[in-house]
Amino acid sequence: MVSTYCLTPKAHLKIPTIVVFLLKKLSPFHFHHCKFYSHHSLPFPTTSSLHVKAIKDGSFQNLDVANHLLNVYVKSKNLNHACKLFDEMPRRDVRTWTILVSTFARVGSNGAALELFKNMQNEGIKPNQFTLSSVLKCCSSLSELKIGKGVHGWILRNGVVFDVILENALFYFYVKCEDFGSAKWLFESMEEKNSVTCNIMIGAYLDTGNVDKAVDLFRRQGLKGVSIWNTIINGLMRNGFERIALKLLYEMVKDGTLFNEVTFSIALVLVSLLKDLELGKQIHGRVLLSGIHVDGFLRNSLIDMYCKCGEMKMALKVFEKMDTYFGRNENSIEEVISWSSIISGLVLNGEFEDAFKTFTSMVRKDIDIDAFSITSIVSACASFGVLELGRQVHGLVQKMGHKLDAHLGSSLIDMYAKCGNLDDAKRIFKQTNYMNVVLWTSMVYSYALHGRGREAVQLFEFSMSHGLLPNEVTFIGVLTACSHAGLVEEGCRYFRLMKEVYGIKPGVEHFTRMVDLYGRAGQFKEIKKFIDENGIHHLRAVWRSFLSSCRLHRDIEMAEWVSENLLRCKTLDAGPYVLLSNIYAIKERWEEVATVRRLMQSRGVKKQPCQSWIQIRNQVHAFIMDDRSHPQKNEICAYLYKLIGRLRKIGYSSDGKLVMQDVEKKQGEGEMLLGFHSEKLATAYGIISTASQTPIRIMKNLRICDDCHNFMRYTSQLLDKEIIVRDIHRFHHFKHGCCSCGDYW
DNA sequence: GTAGGGTTAG
């Protein structure tokens, strides 16, 4: 899997001007009651002749006729026209409202459905069982405990007759909102229970980690319909029991229960979790053989499976067929999902430019931009580090009125933080204002990225004291924070806490952060002990981190020893080879230099070129060392040369010891112009292209070297300009000659 | 009415 953080733009990427375009174009159609669907000027479908006729002959005045027409629009998934009709209707009764509310609920526009429900109540229309169950479904999806409880109260006060459907909806609502007390009470008081009740119960057991109880309840069912198989397999899968889920799937085949489209969908998700492309292809084959109608959802599951298994070619193939499949039925929820799936797939596989392009065509084709696509695109902006585009997408979020839920909030926090704008990340975090582990983890990690260890730790402590359950990613964030801020003791404590209190098994990432923590503090003995104790000699990332600390502390002997260990792990990462060969070169051990080089060749290690990029207006400018492709190269070099001269006068010296760099050694002084590191080129370009007060933000795909770090410090002092550099590990904020990392990275 | 798309780390 491609890392989404260390990427390199191909050449000078033109940032699509989509969003500017979007803001102009996407003025939502303001229906009287619901302004959630944008208008698109399709010719009216055949239903419209009915529509016109009804208006002409006056039968439109008849509620039954109008409701019938509304139903037809809704059934043919023509929500725009349904909304328009709804708006034009002279009178509306409970059926009218219910059709729209339940449709919105069905397609997942939960917020819109609830809004409609509110309007309905305001107009004094009394909801019926159908309305109420739809509304409860929305509350379940949105975890709107308060509204749902209100509905429950209303039902009791108004003596609405409970049927099993309404009661199941209510039961499901309490389960989803994790109000298990009320759920239990309701379950026990229910007179009539059916298979759906049982399914919900199984789901609840699974969600609360009672796997045994769930499986037990499942086994106790005599005749098992397809839906109960689906529930148990899905539940197991989503709670980390993928293998058991797979076992049951095979059992289901043996049992002779035919798969329906949901089973296939679940099976495909299971495949993506197991990353078993072969199994995925088999299931794809079975889908085709089964003769089941491949609906939008199923097709999307296929796309998603191929994306998550890294097989973008197949994903795109299925995606492209989508066009012919959907035909004129644009903006159906399935099509919107397929677009967001393909975008997230492209982002997941590091194909950011294609993701941006796809997003653009999505806009051009007037596909609804829902929160899912936005989330993916925001995450692409984060990885790419393009603040301006990210800001525009954020603007779009506000304009379209998407709620800042945990997904969207986290991705926005991450985006601002990774684009170097911690303040805006904090602002978003404040706006979300609720406890969700991913949201809080994003914020903790953002602090860590910017070297604000204390704040990260404080936030983490606060979240724990308020009962938020941290997950493995949260601990990666906290340990990173401790390591960047030199909080050795705290880091060790959290590592123990994670294992002993929260029962989280440390992974490579946690080990690496611990080695980093000791390493930055120069506690090499502790590292060796830690590696031995945990039996992690085989982990390359651990040695890599150790090596960086050797570089930081200029410990050549240790670096040599660590490198040998690392090279034993057969890493294909060029950094350690280059570093080791540089170390040997310094000690003039030329034979060893040659050995390392040969080793690199024989193992096929590719050196990743060091790249830096900067966004100026709507264009990303990428630079590599010795880069002459930029149209303003002469101007850039001339300026850089002049700048370095001025920096020298205030103490900067570029001939500092180049020991222990994991980037290639530079050319000699005489060839200065050719030997500029990419971040210097990007900085120079940034300075000459922006106003003097504008901070410049540079992204790079490798670690920043000592010399460039010095260069940035002096430049920020000389020009009184803020420079923000994102390297592969963290941010460096240069201001008045100092760096936020405290020259310790 | 239950089961199927997006977020944090890598």
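Sequence lines set the chain letters: A, B, ... in the order given, protein chains first and strands last, and positions in each chain run from 1.
Checking the phosphate oxygens (OP1, OP2) of dG10(B), a side-chain nitrogen or oxygen of Arg513(A) falls inside 4.0 Å. Residue Asn234(A) places at least one side-chain N or O under 4.0 Å from the OP1 or OP2 atom of dG4(B). Here Lys308(A) reaches the OP1 or OP2 of dG6(B): one of its side-chain N or O atoms lies under 4.0 Å away. Taking side-chain N and O atoms only, Arg238(A) has a distance below 4.0 Å to OP1 or OP2 of dG5(B). Here Lys193(A) does not reach the OP1 or OP2 of dT2(B): none of its side-chain N or O atoms lies under 4.0 Å away.
Within a 6.0 Å sphere centred on OH of Tyr502(A), heavy atoms belonging to other residues, nucleotides or ligands number more than 12.
Checking each of Ile369(A), Thr375(A), Asp370(A) against Phe372(A) for a side-chain contact (heavy atoms from CB on, under 4.5 Å) leaves exactly one that passes, namely Asp370(A).
Side-chain atoms of Val262(A) lie closest to dG4(B) of the nucleotides dG4(B), dG5(B), dT8(B). Residue Glu261(A) places its side chain closer to dG4(B) than to any other of dT7(B), dG5(B), dG4(B). Counting only heavy atoms from C-beta on, Ala406(A) has its side chain closest to dT7(B) among dG6(B), dA3(B), dT7(B). For Val473(A), the listed nucleotide lying nearest its side chain is dA9(B); candidates were dA9(B), dG6(B), dA3(B). Residue Asn471(A) has its side chain nearest to dT8(B) when only dT8(B), dG1(B), dG5(B) are considered. For Asp370(A), counting side-chain heavy atoms from C-beta on, the closest listed nucleotide (dT8(B), dG6(B), dG5(B)) is dG5(B). Comparing dT2(B), dG1(B), dT8(B) by their closest approach to the side chain of Thr231(A) singles out dT2(B). Closest to the side chain of Ser227(A), out of dA9(B), dG6(B), dT2(B), is dT2(B). Distances from the side chain of Ser376(A) to the nucleotides dT8(B), dG6(B), dG1(B) place dG6(B) closest.
Taking the salt bridge (charged side-chain N to carboxylate O under 4.0 Å, His left out) definition, one finds that Arg540(A) meets it with nothing, sequence neighbours left out. A search for ring-ring contact (aromatic ring centres under 6.0 Å, His included) contacts involving Phe241(A) returns nothing, not counting sequence neighbours.
Between the side chain of Asn194(A) and the base of dG1(B), at least one donor-acceptor pair of N or O atoms lies under 3.5 Å. One cannot find a donor-acceptor pair under 3.5 Å joining the base of dG4(B) and the side-chain atoms of Asn230(A). One donor-acceptor pair, N or O on each side, does fall under 3.5 Å between the base of dG5(B) and the side chain of Ser340(A). Within 3.5 Å, no donor on the side chain of Ser410(A) pairs with an acceptor on the base of dT8(B), nor the reverse.
Comment: Arg513(A) does not engage Glu472(A) in a salt bridge, judged by the lack of any side-chain N to carboxylate O separation of less than 4.0 angstrom.
A cation-pi arrangement is found for Lys224(A) relative to Phe218(A), the charged atom lying closer than 6.0 Å to the ring centre and inside a 45° cone about the ring normal.
Asp405(A) comes within 4.0 angstrom of a nucleotide base, judged by non-hydrogen atoms across all strands. Using a 4.0 Å heavy-atom criterion, one finds that Thr441(A) contacts the bases of the nucleic acid, with or without backbone contacts as well. Contacts of Ser379(A) with the nucleic acid, taken as non-hydrogen atoms under 4.0 Å apart, involve only primed sugar atoms and P, OP1 or OP2.
In this structure, Phe372(A) counts as stacked on the base of dG5(B) under the 5.5 Å centre distance and 30° plane angle limits.
Remark: C1' of dG6(B) and CD1 of Ile343(A) are 11 Å apart, rounded to the nearest angstrom.
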